[in-house]
Asks: 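Sharing a structure, written as structure tokens. Questions coming.
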Amino acid sequence: MEKEKKILYSGMQATGTLTIGNYLGALKNWVDLCEEYECFYGVMDLHSLTVRQEPAQFRKTAKNLYALYVAAGLDPQKNCIYYQSHVPAHAQLCWILNCFTYMGELNRMTQFKDKAARHEDNVNAGLYTYPVLMAADILLYQADMVPVGADQKQHLEICRDIAQRFNNLYGEVFTIPEPYLGKAGAKIMSLQDPQKKMSKSDENVNATIYLLDDRDTIIRKCKRAVTDSDTVVRYGEDKPGISNLMDIYGSITGKTAKEIEAEFDGRGYGEFKMAVGETVADELTPLQKRYEDLLKDKEYLAQCIRENDAKAAHAAQKTLRKVQKKIGLTESL
Ligand code: ATP
Ligand code: LTN
């Protein structure tokens with residue numbers, strides 16, 4: 001009998017417009033994985049609620065995220081792409097796992113500390129238990145593998161700890177997931193402050209290249225990227241701005257740092273920045289075209305969402321029921 005495929009789970013929050021950080025660190029790497037894994041990707045709309053959302057805009061953002069997944073090359077026939085909020089088991093398992101998570105563990109989460117500092121007026125309990133919902137997402141599908149950017153590694157570790165704790169008490173209920181970090185592009189930095197992660201919620205629009213930016217905007221942002229006062233294109237800790245641009249260029253072209261250094265030997269920053277801008281624009285143009293086409297075909301997307309929501313709900317329910325039984329919750333009669 002043919003061995004069943006291993007399971008892979010990931011997703012992104014439905015907030016703002018995706019950046020090339022999200023694309024190079026996550027989305028782009030996901031596309032080919034469906035040959036090897038059975039893949040589930042969520043539009044993480046429950047996680048988005050940890051920050052206040054304007055309802056009409058939020059609805060659009062979530063739908064646009066779904067369309068961007070597909071436009072980036074995730075085939076909804078080969079990958080289960082669905083909305084987190086359409087599968088109630090996420091919230092149900094999250095509550096149970098909350099009761100198996102210690103406040104001391106959550107206190108250590110650096111993303112909570114960062115986000116709490118950025119949204120001082122709304123440090124809500126959801127922001128605090130965000131990693132528990134993320135653990136529920138992953139564990140519901142019995143995922144073996146979770147591809148994420150480097151910033152999510154800590155959340156994956158707490159997920160593994162919670163799963164292990166539960167299994168120690170109740171037997172082998174959950175698969176313990178492994179992180180899957182892409183190499184190049186694992187952490188794309190801000191174009192304006194290369195010490196900081198490029199983030200879709202950055203207030204400075206020049207810091208971030210959005211997937212839907214037009215060609216001129218992309219090239220202008222690359223030209224304005226903050227670099228040092230040297231002129232040599234070289235990878236190194238002392239050159240975070242140039243190294244970041246090399247990461248971006250390398251993860252699209254597949255070239256190594258050494259190859260890029262050789263290519264731009266004696267050519268200066270101006271030419272290099274222009275090449276990065278053009279390469280990014282060339283990569284994004286076909287994606288943007290597919291995105292526009294998808295948004296016009298409403299019925300196609302609606303059908304993909306319906307079918308995949310049902311598929312996800314079926315898989316999730318199986319694990320939820322197992323958990324409920326193990327801990328002694330009774331079934332409704
Ligand atoms: P926000 O700024 O709203 O917190 P974000 O841009 O960090 O959002 P997320 O939705 O938190 O985006 O992340 C989606 C995925 O993209 C995750 O797998 C994350 O690791 C990855 N990712 C986000 N930013 C980057 C980046 N700068 N470089 C590489 N990967 C990234
Ligand atoms: N927290 C993640 C989004 C996310 C996720 C998940 C990623 C929510 N649930 C489950 C992988 C698996 C982020 O990228 N900010």
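Heads up: numbering here begins at 1 and tracks the sequence. Both ligands and their constituent atoms are indexed starting at 1 by order of listing. The model shown is predicted, which means the values in this text are computed figures rather than measured ones.
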Asks: Which is closest to atom 10 (O) of ligand 1 by heavy-atom distance: M198, K200, M12, K153?
Replies: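 Minimum heavy-atom distance to atom 10 (O) of ligand 1 goes to K200.
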
Asks: May I ask you to decide if the ring planes of Y9 and H90 are parallel, tilted or perpendicular, using 30° and 60° as cut-offs?
Replies: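 The arrangement is tilted - the two ring planes meet at 30° to 60°.
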
Asks: Would you tabulate the side-chain donor-acceptor contacts of residues 267-280 under 3.5 Å, counting partners in other chains and residues two or more places apart, or write 'none'?
Replies:
from : atom 1 : to   : atom 2 : distance (Å)
R267 : NE     : E271 : OE1    : 2.7
R267 : NH1    : E263 : O      : 3.0
R267 : NH2    : E271 : OE1    : 2.9
Y269 : OH     : D228 : OD1    : 2.7
Y269 : OH     : D228 : OD2    : 3.4
Y269 : OH     : K239 : NZ     : 2.8
K273 : NZ     : K223 : O      : 3.2
K273 : NZ     : A225 : O      : 2.9
K273 : NZ     : T227 : OG1    : 3.4
T279 : OG1    : A275 : O      : 2.6

Asks: For T61 and N64, does a side-chain donor sit closer than 3.5 Å to a side-chain acceptor?
Replies: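 No pair is found: no donor N or O on one side chain lies under 3.5 Å from an acceptor on the other.
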
Asks: For ligand 2, would you mind listing the residues that have at least one heavy atom less than 4.0 Å away, ordered by chain and number?
Replies: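 Residue list for ligand 2: Y9, S10, G11, Q13, M44, H47, Y130, M134, D137, I138, V146, V148, Q152.
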
Asks: Salt bridge or not for R108 and E157, using N-O below 4.0 Å?
Replies: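 No, this pair does not count.
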
Asks: Measure K115 to ligand 1 on non-hydrogen atoms and call it side chain, backbone, both or neither using the 4.0 Å cut-off.
Replies: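 Contact part for K115 vs ligand 1: side chain (C-beta onward).
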
Asks: Taking the six-membered ring for Trp, are F112 and Y128 closer than 6.0 Å centroid to centroid?
Replies: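 They qualify: ring centres under 6.0 Å apart.
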
Asks: Taking 4.0 angstrom as the limit, do E172 and K326 come out as a salt bridge?
Replies: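 The answer is no: the pair does not qualify as a salt bridge.
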
Asks: Taking atom types as modelled, find out whether Q111 and Q152 have a side-chain donor-acceptor pair closer than 3.5 angstrom.
Replies: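 A donor-acceptor contact under 3.5 Å links the two side chains.
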
Asks: Give a yes or no on whether Y141 and W95 share a hydrophobic cluster (residues Ile, Leu, Val, Met, Phe, Trp, Tyr; joining criterion: side-chain heavy atoms under 4.5 Å apart).
Replies: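 Not linked; separate clusters.
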
Asks: Please say whether I188 places an N or O atom under 3.5 Å from an N or O atom belonging to ligand 1.
Replies: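 I188 vs ligand 1: N/O contact under 3.5 Å present.
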
Asks: For D151, is the nearest heavy atom under 4.0 Å from an atom of ligand 1?
Replies: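 Contact check D151 vs ligand 1: positive.
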
Asks: For Q303 and E307, does a side-chain donor sit closer than 3.5 Å to a side-chain acceptor?
Replies: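 Per modelled atom types, Q303 and E307 side chains form a pair under 3.5 Å.
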
Asks: Go through ligand 1 atom by atom and flag the ones less than 4.0 Å from a non-hydrogen atom of K187.
Replies: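 Near K187, the atoms of ligand 1 are 28 (N), 29 (C).
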
Asks: Should Q152 be counted as touching ligand 1, given the test is an N or O pair under 3.5 Å?
Replies: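 By distance alone, the answer is no.
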
Asks: Do ligand 1 and N22 have nitrogen or oxygen atoms that lie under 3.5 Å from each other?
Replies: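 Yes - when backbone and side-chain N and O of N22 are compared with those of ligand 1, one distance drops under 3.5 Å.
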
